[in-house]
Trainee: 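This structure is in structure tokens; I'll ask about it shortly.
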Amino acid sequence: MPAFSGQLVVFGFASFFALAFAVLMVVQRTPVRSVLSLVVTFFGLSVLAVLLAAPFIAALQIFVYAGAILVLFLFVIMLLNLKEEAADEDDRPVQRTLGLLVALALGGLLAGATLRAPAPPRGMPSLSSIPSPDEIPALGRLLFSDYLLAFEALSLLLLVAAVGALLLSKRKFE
Amino acid sequence: MTGALPGVAPMAVPPGAFLVVGTLLFAIGLAGALLKRNAISIFLSIELMMNAVNLLFLTYARMRGDLAGQMIVFFVIAVAAAEAAVGLAIFVALFRVRRTVDVDKIALLKW
Amino acid sequence: MKQLWLIPVLPLAGFLLNGLVALVASSSRAEKESGADHPLAPLPYAQRLFHGVVGVGSVGLAAVLSFAALVPYVLSSLHAPEGLAPVVQKVYTWMVAGDYSVDVAFRLDALSALMLSFVTFVGTLIHVYSVGYMQKDEGYGRYFSYLNLFMFAMLMLVLADNLPLLFVGWEGVGLCSYLLIGYSYDKDFAAAAGKKAFIANRVGDFGMVLGIFGVFALFGTADFSFVDLARRQALAGGAPLGVYAVCVLLFLGACGKSAQVPLYVWLPDAMAGPTPVSALIHAATMVTAGVYLVARCSALFVLAPDALTLVAWIGAGTAIFAATIGLAQNDIKKVLAYSTVSQLGYMFLACGVGAFSAGIFHVFTHAFFKACLFLGSGSVIMSMHHEQDMRRMGGLAARIPHTFRTMLVATLAIAGIFPLAGFFSKDMILGSAAASGHWALYAVGLFTAGLTAFYMFRLVSMTFFGKARSGDHGQGEHAHKSPATMTVPLWILAALSVVAGLVGVPAALGGSDRIGRFLGASVAHPEIHEMSHGLEIGLMLLSLGVAVTGLAWAWRWYGKADGPAEAVSPQAHAFYEKAGALGRLVANKWNVDEGIEVLVLSPFWKIGTFLWRGFDALFIDGIANASAFLVELAGDLLRFFTTGHVRNYALAFTLGVAVFLVYVWVR
Amino acid sequence: MSPTLAAALEGAAKIAFVWACVLGAVLPNLIWVERRMAGFIQDRPGPNRVGPFGLFQAVADILKLLLKEDVVPMYADRLLHTVAPLILLVPAMTTFAVIPFGSTIHLFGRDISLVIADVNIGILYVFALTSVGVYGLVLAGWSSNSKYALLGGLRSSAQVISYELAMGIAAISVFLAAGSLRLQRVVEYQASGTFLGFLPLWNCFPQAVGCLIFIVSAYAETNRVPFDLPEAEAELVAGYHTEYSAFRFGMFFMAEYLNLIAASAMMATLYFGGWSLPYLHLTGIFGSLASIAVFAAKTGFFIFLFVWVRWTLPRFRFDQLMNLGWKVFLPLSLLNLLWTGALVLWGVI
């Protein structure tokens, strides 16, 4: 079945890029570069999302994350004009090694857990089924029916966040 | 595990692979959050962790064959946007007073 | 008599009215003249009138109702030997516990009817007297509101159908006595006396409460139906040991309220209150509550003969003890106070020998002549411009004749001179003591009678006879006459102390012991061994003789009363010199207060100090401080974990998550 | 031939066609057109030496750019400095994938929808790519390590983010009307009926406000006059591409024009009926071909509009730009959304 194999190839590439650039993002000393690596990772992720029959989410991923949030990051980085962080003079060896170990341990644990976990139950038909040729209307319908409250709360949250951000970053005029 | 649930179209790529990628990304992000000293880099790592979780959600949604997971991801993304706005604003304000965003140099919360 | 509840409620209403008006008026007064300039200025006439009318009116009405309640019992007692059945009126349910409920219920029978009527009557007279006596006082309204409140509480006490309700009245009168003793709260000794009375009563009330619990434990009920149960048990014969305990406990309460040894110490100090208060509360009514309680529970006491004997001996002891102290007192009110204590002793003595009706009879008569004496002393003090020391008086007979005559009558009455009230009641007591075969008690009583006659006549002569010893700033000369509001009650009381005894003329004198028959329905009657009339008359003559002797002796020593203030009577002075230590002891009231100070108070004080300094300050506070210190220590140690580095926090957090995950995994 | 293979061939064919048109035909001519038009508007001849009417001017320009020396500033971040133009260029070129350039054509016994990939997220795809394109500017500004460039980058990022909002919300109301994100579906919807009985159901009529907002925002997104603050030569020398020369500069140049073309195509598609003609239905092969022509014409008009505006209007000040974006367009676009919703609700459209 060629289509499937094709998907496998795409998956391989996407996940490889995602992981590789994620690592880059961490090891990178220059903030701008880490941001860029993260952008690449996000692209990989959105490809994976497409493979998972979620093109809408994939587009959203790029549009919101890569296109807005990370640009905001870049903007701030430039605004503060952050050069690459100096090789820290008072490096905390304990923090570094321990942190690395813990991170790896937790990653391993989680991976094992997710793999050993039993398959999730069959989805509820009320939450219309995927993969489907066009899931966007279904998403919209759900958003304004089952998840209406969450949606409203979210809108409120965004408003508050906007106001808060404005207030925080505003220079105090005296 | 195989995503062959009754009534759900089988997946070309075994879902386990997606899960592993997600968890690995999560771990990487975690490492970044623990190791980086630049507040913004830490923030980036956290965003990465979120996305890793999103990937897991999408995978599970695909396995279950309904949209709940995608819905959650949708919300996560929106929340992340809000978080980014506020967080970055905080950093900007912080930078104004402290002239740095190195979390080790902003160790005020101590005895 | 359908509306029993009206009787207590009327004084209550008076209290509320008076109190309200007094409060408002005083506050307005305070802001008008800012308190500073002459705070002792008398109230405006209109307000005084209001207080007087409300105070006297409410109690007077209560008195009328009480008589209305009394009359049918009297009539019935004239015909039927068994008298009228008691009436119980339930006003409302106070508290309910399971199937047992305590009601606010009033009980009317011969006993309560009698108490009611004379309490309200004497109360009325004393209110009237107070109108004149207190007119110059700025606390007029407060005074009358307290007095009304007292009447309310006393009537509750008398009318109560169950021990809890009685206890309410009991505490109510205690409170009022406290308030009125400390009426002039700006004087230290008054405030102290008030506290002393309150605390001494607490000791008694402690026993009282336990007694109530005991009654409930024994009979499963606390209303006076238990008396009938007790009767039935008596018929069945044999009483559980608990009965003794209950009787002793209740009697302890009675001792506190009725100033018996050893709890009598508060009564003499209670004289710090205004004289009418002393007359009403500390002579006529409240202090007899103990006797009333014992009489109420007579059926119970009868079940415990040993307890009765205890009562009798305590009574006798108190009687003679107080009398001896009374011999040497120079403060006119103190003498009366001790005589009251001693008379109360008589009453308990009567109860102790099983002659409850005799006890109540003495309560009845004593109310009149003792009230009369107190009121008289009040007018004496007033005429002497608040001088209470008899050594500074003398020769007042001419200046305040009404007071003199009435007090003389009352003195003869209390001394037990035939045919005045005191003679009959006291004689009934002594007679029943002898009849029940307690000759020792009889002897004590007899001797006390003599002492009583002595110190009472001493009082009269020191006050009214001889020359005025007011000396330096002789108040004596311009001692002013008392207003009618004071003299009229005096005369009424004097008259009553003449005739009151006639309700109890013993058979031996051709009488028919009305009072005994009247009370028969409501108090127990252990079998009285009849004595021959001859012996009885002999005893009467004997006691009369003793009384006369006492009078004569007093006349011999104090009749002329012409000595200097230091030693009014040279003979007495000489005698005390000879008596030496004993004399001084008597003069110092047997050093009882000092003894209590040493034996009870100072150990108490020491224990308290120890508990405060040693236990509380070191141990309790130690615990508190130690825990605080530990917390602080923990904080000092733990704070080193707050490095202020978010990354460390994040690391710790992650570590926790990992550990938890491992736990979940392996579990 | 197996369906997959056929599909692959079909896709390849479409891509080839589109690229041929855009890069081969439109782009060079566009350069020529702009410069001639500038000359015309400024009342001067403009380039007329190379070939007839200077038609080969574009080729000459490109050659020049290719041949010039490529300078990378000393303190620049080499990697990013190199990557930046590509980041800008690639999205600009891939945008066309979802834009339907014609109706469905029947060839070789197959119905071929004249769009490279008619994905169900059409417009989102475009927005995503354009929003990624901004990285090119920002990085160019940052990597070349020069204050002018940096300022230019900053400006562009702020500007793009701000106007994306208004633009997106305006676009949303289009899909509210069409009921789908597929651009092909959007066009079909606009071709399907009439508005108020006589007007074509082009979104520009019921959503005049939205249309205006979209167009203006598109100008801002593409950093064209009057919103070309990132490269405001008066203040920032040349803004984000100050430090670029030779073919790197050429890429920026290309990217700008590609974006311009894409934006014009979007305008035509979203608001002016795309390849459809009002009142008459194009059928058959020739109809399909005609539809392509129609689309080309509409797009051409908007490209022309871009040029026209560029040489006509003065530049905004940055604060004016921000105020316009946040305080005027955002509320207006929301109102427009509300209005459209009302229309849909009442069945007017």
Side-chain angles (χ1 to χ4, degrees), chain A residues 4 7-8 11 15 18-19 22-23 25-26 31 34-35 38 42 45 48-49 51-54 57 60 64 69 72-73 76-77 80 85 88 96 99-100 103-104 106-107 110-111 114-115 119-120 122-124 127-131 135 138-139 142 147 150 154 157-158 161-162 164-165 168-169, chain B residues 1 5-9 12-13 16-21 23-32 34-35 37-38 40-41 44-45 47-48 51 55 58-68 70-71 73-75 77-82 84-86 88-93 95 101-102:
Chain A
F4 281 14
Q7 281 198 27
L8 267 175
F11 170 81
S15 45
L19 289 168
V23 173
M25 191 267 297
V26 174
S34 1
V35 172
L38 196 58
F42 283 174
L45 277 171
L48 292 182
L51 288 184
L52 288 168
I57 297 295
L60 218 57
V64 177
I69 297 183
L72 197 61
F73 271 89
V76 170
I77 291 172
L80 309 185
E85 56 189 19
D88 36 12
R96 275 193 172 272
L100 204 54
L104 292 179
L106 200 57
L110 285 172
T114 42
L115 284 180
R122 173 89 182 80
M124 281 169 289
L127 311 170
S128 58
S129 65
I130 58 167
E135 83 282 13
L139 275 171
L142 280 179
Y147 295 83
L154 189 61
L157 171 72
L158 284 171
L168 277 167
S169 53
Chain B
M1 63 179 114
L5 273 165
V8 181
V13 185
F18 286 97
L19 297 179
V20 170
V21 172
T23 43
L24 287 184
L25 281 174
F26 185 84
I28 294 168
L30 183 57
L34 291 181
L35 300 184
R37 288 184 301 127
N38 182 331
I40 292 186
S41 311
L44 282 173
S45 312
E47 296 288 348
L48 175 59
N51 279 276
L55 179 60
L58 290 178
T59 315
Y60 285 124
R62 175 67 177 78
M63 288 160 76
R64 306 181 69 220
D66 68 8
L67 282 177
Q70 297 195 16
M71 213 29 121
V73 172
F74 176 84
F75 285 121
I77 290 175
V79 171
V86 176
L88 288 172
I90 290 175
F91 291 149
V92 171
F95 188 84
V101 288
D102 184 334

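Bear in mind that the values here come from a model prediction, so they are computed numbers and not experimental data. Naming: A, B, ... by sequence-line order, numbering from 1 per chain.
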Trainee: Any idea which heavy atoms bring B:Ala85 and A:Ala165 closest together, and the distance?
Mentor: O-CB, 3.9 Å
Trainee: What part of A:Phe73 gets within 4.5 angstrom of chain B, counting heavy atoms only: side chain, backbone, both, or neither?
Mentor: both
Trainee: Locate the shortest heavy-atom distance separating A:Ala18 from B:Leu25; write the atom from each residue and the value.
Mentor: O-CD2, 4.0 Å
Trainee: So which atom in A:Ser15 and which in B:Val21 form the shortest heavy-atom distance, rounded to 0.1 Å?
Mentor: CB-CG2, 3.7 Å
Trainee: Using a 4.5 angstrom heavy-atom cutoff, name the option from A:Leu48, A:Leu60, A:Ile77, A:Leu158 with the most pairs to chain B.
Mentor: A:Leu48
Trainee: Where does A:Leu106 contact chain B at under 4.5 Å (heavy atoms): side chain, backbone, both or neither?
Mentor: side chain
Trainee: For chain B, which of A:Leu104, A:Leu154, A:Val64 has the most heavy-atom pairs under 4.5 Å?
Mentor: A:Leu154
Trainee: Between chain B and each of A:Leu80, A:Leu19, A:Val26, count heavy-atom pairs under 4.5 Å; write down the option with the most.
Mentor: A:Leu80
Trainee: Among B:Leu24, B:Ile77, B:Val20, B:Val73, which residue has the highest count of heavy-atom pairs closer than 4.5 Å to chain A?
Mentor: B:Ile77
Trainee: Could you grab the distance from atom CG of A:Leu51 to atom CG of B:Leu58, nearest 0.5 Å is fine?
Mentor: 11.0 Å
Trainee: Check whether B:Phe95 gets within reach of chain A through its side chain, its backbone, both or neither, counting any heavy atom under 4.5 Å.
Mentor: side chain
Trainee: Using heavy-atom distances under 4.5 Å, tell me whether B:Val79 contacts chain A through its side chain, its backbone, both, or neither.
Mentor: both
Trainee: What part of A:Val23 gets within 4.5 angstrom of chain B, counting heavy atoms only: side chain, backbone, both, or neither?
Mentor: both
Trainee: Heavy atoms only: give me the nearest A:Leu168-B:Ala93 pair and the separation to one decimal.
Mentor: O-CB, 3.6 Å
Trainee: Compare every heavy atom of A:Met25 with every heavy atom of B:Ser45, then report the nearest pair and how far apart it is.
Mentor: CA-CE, 4.0 Å
Trainee: For A:Tyr147 and B:Phe75, run side chain to side chain contact (heavy atoms under 4.5 Å, CB included): C-alpha distance rounded to whole Å, both residues' side-chain angles, the deciding distance at 0.1 Å, then the answer.
Mentor: CA-CA 10 Å; A:Tyr147 295 83; B:Phe75 285 121; 3.7 Å; yes
Trainee: If you count heavy-atom pairs under 4.5 Å with chain A, which of B:Leu44, B:Leu48, B:Ile90 comes out on top?
Mentor: B:Leu44
Trainee: Just do the side chain to side chain contact (heavy atoms under 4.5 Å, CB included) check on B:Ile40 and A:Val35 with the steps written out, would you?
Mentor: CA-CA 9 Å; B:Ile40 292 186; A:Val35 172; 5.5 Å; no
Trainee: So which of A:Ala162, A:Gly164, A:Ser34, A:Ala22 has the biggest tally of heavy-atom pairs under 4.5 Å with chain B?
Mentor: A:Ala22
Trainee: Does any heavy atom of chain B fall under 4.5 Å from the side chain of A:Leu38, the backbone, both, or neither of them?
Mentor: side chain
Trainee: On a heavy-atom basis, which atom in A:Gly107 and which in B:Ala27 lie closest, and how many Å separate them?
Mentor: CA-CB, 3.5 Å
Trainee: At a heavy-atom separation under 4.5 Å, does B:Phe18 approach chain A through its side chain, its backbone, both, or neither?
Mentor: both
